4 protein chains.
Amino acid sequence: MHENPSRVEAFSDGVFAIAITLLILEIRVPHGAGNLWAGLLALWPSYIAFLLSFVVILIMWVNHHELLRMVRAVNYPFLFANGFLLLTVTFIPFPTAVVAANLDTPDAQTAVAFYCGTFVANALLWNLLFATMVRGGLLRPEVSTETLATVRRTYYAGILVYVLAMVLTFVRPALGLILNGALCIVWIRLGYRSESSSARQF
Amino acid sequence: MHENPSRVEAFSDGVFAIAITLLILEIRVPHGAGNLWAGLLALWPSYIAFLLSFVVILIMWVNHHELLRMVRAVNYPFLFANGFLLLTVTFIPFPTAVVAANLDTPDAQTAVAFYCGTFVANALLWNLLFATMVRGGLLRPEVSTETLATVRRTYYAGILVYVLAMVLTFVRPALGLILNGALCIVWIRLGYRSESSSARQF
Amino acid sequence: MHENPSRVEAFSDGVFAIAITLLILEIRVPHGAGNLWAGLLALWPSYIAFLLSFVVILIMWVNHHELLRMVRAVNYPFLFANGFLLLTVTFIPFPTAVVAANLDTPDAQTAVAFYCGTFVANALLWNLLFATMVRGGLLRPEVSTETLATVRRTYYAGILVYVLAMVLTFVRPALGLILNGALCIVWIRLGYRSESSSARQF
Amino acid sequence: MHENPSRVEAFSDGVFAIAITLLILEIRVPHGAGNLWAGLLALWPSYIAFLLSFVVILIMWVNHHELLRMVRAVNYPFLFANGFLLLTVTFIPFPTAVVAANLDTPDAQTAVAFYCGTFVANALLWNLLFATMVRGGLLRPEVSTETLATVRRTYYAGILVYVLAMVLTFVRPALGLILNGALCIVWIRLGYRSESSSARQF
């Protein structure tokens with residue numbers, strides 16, 4: 001428990017920034033002379049996958065800062081829990097590319113299930129990171145029990161909803177993606193709400 | 001409205017730095033043994049696209065700092081408006097590659113229109129970010145009404161000129177690109193002017 | 001011996017963050033319509049290589065900070081020893097891709113030996129960096145002789161174990177990789193132990 | 001002339017760190033089952049190009065900091081001169097890949113000349129950046145005339161030597177690369193020397 005979280009934050013920010021920017025490399029220039037508009041339009045699965053993954057990583061970045069603001073120090077278990085969380089973040093460009101390549105094929109179901117599965121793993125690691133913070137006594141004393149309970153509930157819900165998205169995928173792939181997109185809106189709204197009430201809670 | 005803009009600035013700087021450096025990955029080594037000079041020269045559309053996008057991102061980075069210097073705090077709408085602005089920045093390597101691959105083909109028109117369209121979207125998001133700053137009361141008190149009016153006018157002009165560039169592309173693709181390049185020079189000159197008069201305005 | 005190590009740390013952190021995030025670019029979307037699950041499963045060598053290299057770079061990043069915390073200033077030999085260490089770090093995505101592409105082929109032995117060889121070179125450069133710190137008088141006065149001896153012993157052991165992993169590869173490729181993975185667990189445990197005893201040593 | 005150079009430094013550091021790490025992406029995994037050692041050995045031009053470009057960018061990064069330490073403020077011309085310098089830095093992975101792909105072909109001469117040409121452009125921009133600093137009155141008052149003269153002489157020499165390397169390439173491609181490598185050693189040694197005498201000069 002030997003240092004403040006600023007360097008972990010800087011390193012994590014770097015990884016978030018790079019992962020979010022690498023997403024574009026998975027969109028390849030269409031080939032097929034004479035009909036570029038058709039080629040660009042045919043990339044719609046890539047645009048959807050890019051947009052969704054971009055917004056998800058952006059929300060995670062915001063959330064990561066919210067979490068690290070509660071921390072007064074870091075220890076080894078925290079460093080590695082955070083590292084494995086970042087592993088799932090850097091992994092995101094791959095399932096994104098898998099969805100982009102398969103959304104308009106019979107493999108769409110598999111692709112979206114794999115995509116949602118990544119976020120199940122990611123949600124588990126947010127819970128692990130939070131557990132590491134609580135158990136290691138890394139939290140600032142001014143963080144209220146109420147705030148802790150809210151975060152814990154939200155993180156549990158995260159696992160459930162992503163598992164649900166994965167299940168929905170087997171009903172219809174589009175549903176899985178739509179739930180993912182809907183989740184983004186929920187996270188953003190939760191953020192706004194927690195912000196307006198943060199004066200009371202912190 | 002809970003924190004100062006330094007971490008947003010650091011994250012945005014990271015995204016700008018990565019997006020500007022990734023541009024080079026879209027230039028592929030020419031194949032065709034025995035005549036490398038010809039192969040390197042035939043890449044002229046790639047060089048033009050690389051140069052133009054590099055300068056545009058560089059100017060955006062400078063402008064982003066100018067804008068964030070006016071801000072005393074950030075809130076959630078700001079974080080997400082900034083995030084979507086960065087989305088269009090990380091997207092730039094893709095239309096750049098599209099232009100590079102098609103500038104010397106019959107698809108040049110489509111490619112350049114797509115490229116300009118990206119900057120129309122980007123210009124809209126600069127306006128959104130600025131509106132978020134003004135409406136959220138995030139501006140430093142020392143920012144004068146005159147400065148605000150200048151920024152607003154410039155940002156509106158940005159949308160118009162990029163729409164114009166897109167239209168010009170349908171007259172002649174080269175015109176769209178030339179207007180883009182000319183815009184860069186205008187932005188740089190505006191920067192110089194605002195600098196010399198900043199003592200009065202701030 | 002003219003400055004504090006903060007900018008070297010920031011630059012090194014950037015390189016670690018980028019190298020760890022680039023690893024995912026080496027996993028390519030499987031092609032072969034109608035059987036995406038099979039295609040994703042067939043990428044198991046890529047997942048193993050990705051996971052192993054991610055954890056190794058993460059541990060190196062943690063270790064790099066531990067080392068730089070002992071330093072009170074940097075000089076030219078330090079800058080270049082650190083630079084060459086980073087060279088081996090940025091090189092890691094390549095042997096990782098070689099392992100990923102060959103783990104389920106008759107070339108597995110060669111691929112894993114090449115992978116382990118990279119870490120032998122890397123271990124040698126950690127020793128060089130440490131020697132540069134000691135010889136240049138760059139260490140903080142509060143670093144105890146005992147701590148120095150521990151670091152030196154651990155770094156020597158690093159070379160030996162990676163050479164051993166390389167040798168084991170020629171017995172059976174999987175053994176080399178397993179030793180690499182085991183090493184990760186040892187490094188993490190050593191970290192924990194050094195942490196709990198750091199109050200006494202520093 | 002409105003701000004201190006720290007944000008330019010951070011942005012430039014990001015670009016240097018990314019450019020140096022992207023170099024590895026240009027080394028592709030060899031294909032050709034059953035003889036991986038031969039495939040890895042056949043990549044020797046890639047290793048040479050990677051090593052050379054890595055060391056060159058590392059030296060540039062060190063040098064960039066040396067230069068920015070002399071600066072007390074930045075202005076618009078400085079921002080854009082620095083931007084164009086970074087343009088040539090982010091460009092380096094491309095000529096590096098060209099050399100790697102052609103060093104063992106009849107096109108070696110063209111490839112190495114193109115590589116050296118990039119450094120001629122780069123050397124010109126270091127001179128431009130320095131001129132911008134001097135003319136804009138951006139230098140710290142404690143920078144001695146002697147130091148300025150040394151920097152100016154070294155930068156002029158840089159242009160000349162890279163032009164010479166380019167010319168030598170037409171005698172024999174290997175000579176151009178060897179001169180580039182030799183230059184690295186000279187830059188490193190100059191650094192050491194300037195360091196030991198910096199107490200007197202600053």
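Everything numeric here is computed off the predicted structure, so don't read it as measured data. FYI, side chains are in, hydrogens and waters are out, and symmetry mates aren't considered; it's all heavy atoms of this structure.
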More than 12 foreign heavy atoms under 6.0 Å from OH of Tyr156(C): is that the case here?
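No - once you tally the heavy atoms of other residues, nucleotides and ligands closer than 6.0 Å, there are 12 at most.
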Contact summary for [X] and [Y], nearest pair of heavy atoms:
X         : Y         : answer
Trp37(C)  : Ala113(A) : CZ2-CB, 4.3 Å
Val62(C)  : Tyr76(A)  : CG1-OH, 3.5 Å
Arg7(A)   : Trp61(C)  : NH2-CH2, 3.7 Å
Ala101(A) : Val29(C)  : CB-CG1, 3.9 Å
Ala17(C)  : Gly14(A)  : CB-C, 4.4 Å

Below 4.5 Å, heavy atoms only, C-beta onward: do Thr21(C) and Leu86(A) meet side chain to side chain?
no
Quick one, Thr90(A) and Leu23(C) - any side-chain contact, counting heavy atoms below 4.5 Å?
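A side-chain contact under 4.5 Å is absent here.
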For chain A, which residues from residues 114-132 of chain C have at least one heavy atom closer than 4.5 Å to it?
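Answer by number: none.
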Give me the contact list for residues 40-50 of chain C versus chain A, heavy atoms only, anything under 4.5 Å, ordered by residue number.
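Within residues 40-50 of chain C, the residues under 4.5 Å from chain A are Leu40(C), Leu43(C), Tyr47(C), Phe50(C).
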Run the numbers on Thr110(A) and Asn35(C) for side chain to side chain contact (heavy atoms under 4.5 Å, CB included), then give the verdict.
CA-CA 9 Å; Thr110(A) 311; Asn35(C) 204 351; over 6 Å; no
Answer with side chain, backbone, both or neither: which region of Glu26(A) has an atom nearer than 4.5 Å to a non-hydrogen atom of chain C?
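Looking at Glu26(A), just its side chain touches chain C.
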Sort Ala100(A) into side chain, backbone, both or neither according to what part of it lies under 4.5 angstrom from a heavy atom of chain C.
neither
Contact leader toward chain A among Ile27(C), Val55(C), Leu22(C), Ile59(C), where contacts are heavy-atom pairs under 4.5 Å:
Ile27(C)
Rounded to the nearest 0.5 Å, how far apart are CG of Leu87(A) and CG of Leu51(C)?
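Rounded to the nearest 0.5 Å, the CG-CG separation comes out at 6.0 Å.
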